[in-house]
Amino acid sequence: MPELPEVETVKRGLESAIVGAVISKVTLRRRNLRAPFPENFEKLLAGQKITKIARRAKYLLFHFDSDVVLIAHLGMTGRFSVVVKGKKEELETHDHVVFDFSDGRKLVYNDTRRFGVMDICDKSEVATHKLLENLAPEPLGEEFTVNYLEKALSKRETPIKPTIMEQKIVVGVGNIYASEALFMAGISPLKPANTIGKKIPLLISCIHDVLNAAIKAGGSTISDFADVSGDSGYFQHSFHVYGRAGKLCSKCGNPIISIRQAGRATFYCEKCQK
DNA sequence: CTCCTGTCCTGCCGGC
DNA sequence: TGCCGGCAGGACAGGA
């Protein structure tokens, strides 16, 4: 379930832990996640030194000194753990990939539901990689402006909530933070996307606020950074509506309700969100 | 182009 | 007690 803040937290943790490390061996314990691993996955990465770790949307980008880039998505349940030398010698059921480092440490990728994906490409091909080329602007980046969002929503008559979860509109806003941002902005999740008009600047600032607060919370409350996954890494203590059906709205005291939109649960307050 | 549905996967939880 | 259905959900494929 990692959304952008959780992926950003993982990225920062990995950055401080394994940049500079050299991969001595790669072991795939199965040949696919959501998609097959590329041919020669192990050979392409063996012997490579990690030079940089970046993030685009919910993708982690591991850069290596040979100009090869590993693109990784955590899907729903993906989790990276850095294992210190001598610890946790036995692997667990859903440990699908093991990167051994020359210093004796290991990076283990565990993914129960296998919605994650990994691929490798050349540094020069990252921007045009199939997984990345059609992604919308980053929600915390400079391109995510009022003008941009007005234009992006102008022809969209579908409800705003599933629309802001689309990676072609803005990346990184998943089911949880979509509900939270709309609550903060006082916008009904049912409102057609092209009718939120004057509330666009407010929605943008609420998306900024909820993501920034979650990143901040991730950085300060998650001690085992790399184990961020699913519920453990979430900004859950601060949810106003997500998962709170039947509980009382923190603003007005009315019960929070749960509906389904595009096959996903949406939580909101009918009184505060119009 | 927009929009909608189905699909992938495992674990958990409620109902009977 | 065990089985079964439904749900969780990111993001793509494919069809209308």
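Letters A, B, ... mirror the listed sequences (proteins, then strands); counts begin at 1. Keep in mind the model is a prediction, meaning the values are calculated, not measured.
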Give none if B:dG11 has no partner; otherwise give the nucleotide forming a Watson-Crick or G-U wobble pair with it, both distances under 3.5 Å. C:dC7

Do the side-chain N or O atoms of A:Arg156 get closer than 4.0 angstrom to the phosphate oxygens (OP1, OP2) of B:dC3? yes

Taking only Lys NZ, Arg NE, NH1 and NH2, and the carboxylate oxygens of Asp or Glu, determine whether A:Arg56 and A:Glu138 approach each other closer than 4.0 Å. yes

Could you walk me through whether A:Glu6 and A:Lys58 pass the salt bridge (Lys or Arg N to Asp or Glu O under 4.0 Å) test, one step at a time? CA-CA 9 Å; A:Glu6 290 72 34; A:Lys58 297 174 193 166; over 6 Å; no

Looking across every strand, which nucleic acid part, if any, lies under 4.0 Å from A:Glu157 by heavy atom: base, sugar-phosphate, or nothing? sugar-phosphate

If you restrict it to nitrogen or oxygen atoms, what contacts under 3.5 Å exist between nucleotides 12-16 of chain C and the protein, and what is each distance?
| from | atom 1 | to | atom 2 | distance (Å) |
| --- | --- | --- | --- | --- |
| C:dA13 | OP1 | A:Lys130 | NZ | 2.8 |

Looking only at the side chain of A:His94 (C-beta and beyond, no hydrogens), which of the listed nucleotides B:dG11, B:dC9, C:dA11 gets closest? B:dG11

When the ring centroid of A:Phe80 is compared with that of A:Phe62, is the distance short of 6.0 Å? yes

Counting any heavy atom closer than 4.0 Å, what does A:Ala265 reach on the DNA or RNA strands: base, sugar-phosphate only, or nothing? sugar-phosphate

Quick check: do A:Pro255 and A:Lys247 have side-chain heavy atoms less than 4.5 Å from each other? no

Closest to side chain of A:Arg260, choosing from C:dG10, B:dT10, C:dC7: C:dC7

Counting only side-chain heavy atoms from C-beta out, which of B:dG11, C:dA11, B:dC9 sits nearest to A:Thr112? B:dG11

Quick note, A:Lys58 side chain, CB onward, closest among B:dT10, C:dA11, B:dC3 is C:dA11

The residue, A:Arg264 or A:Lys155, whose nearest nucleotide of DNA chain B is more 5′ is A:Lys155

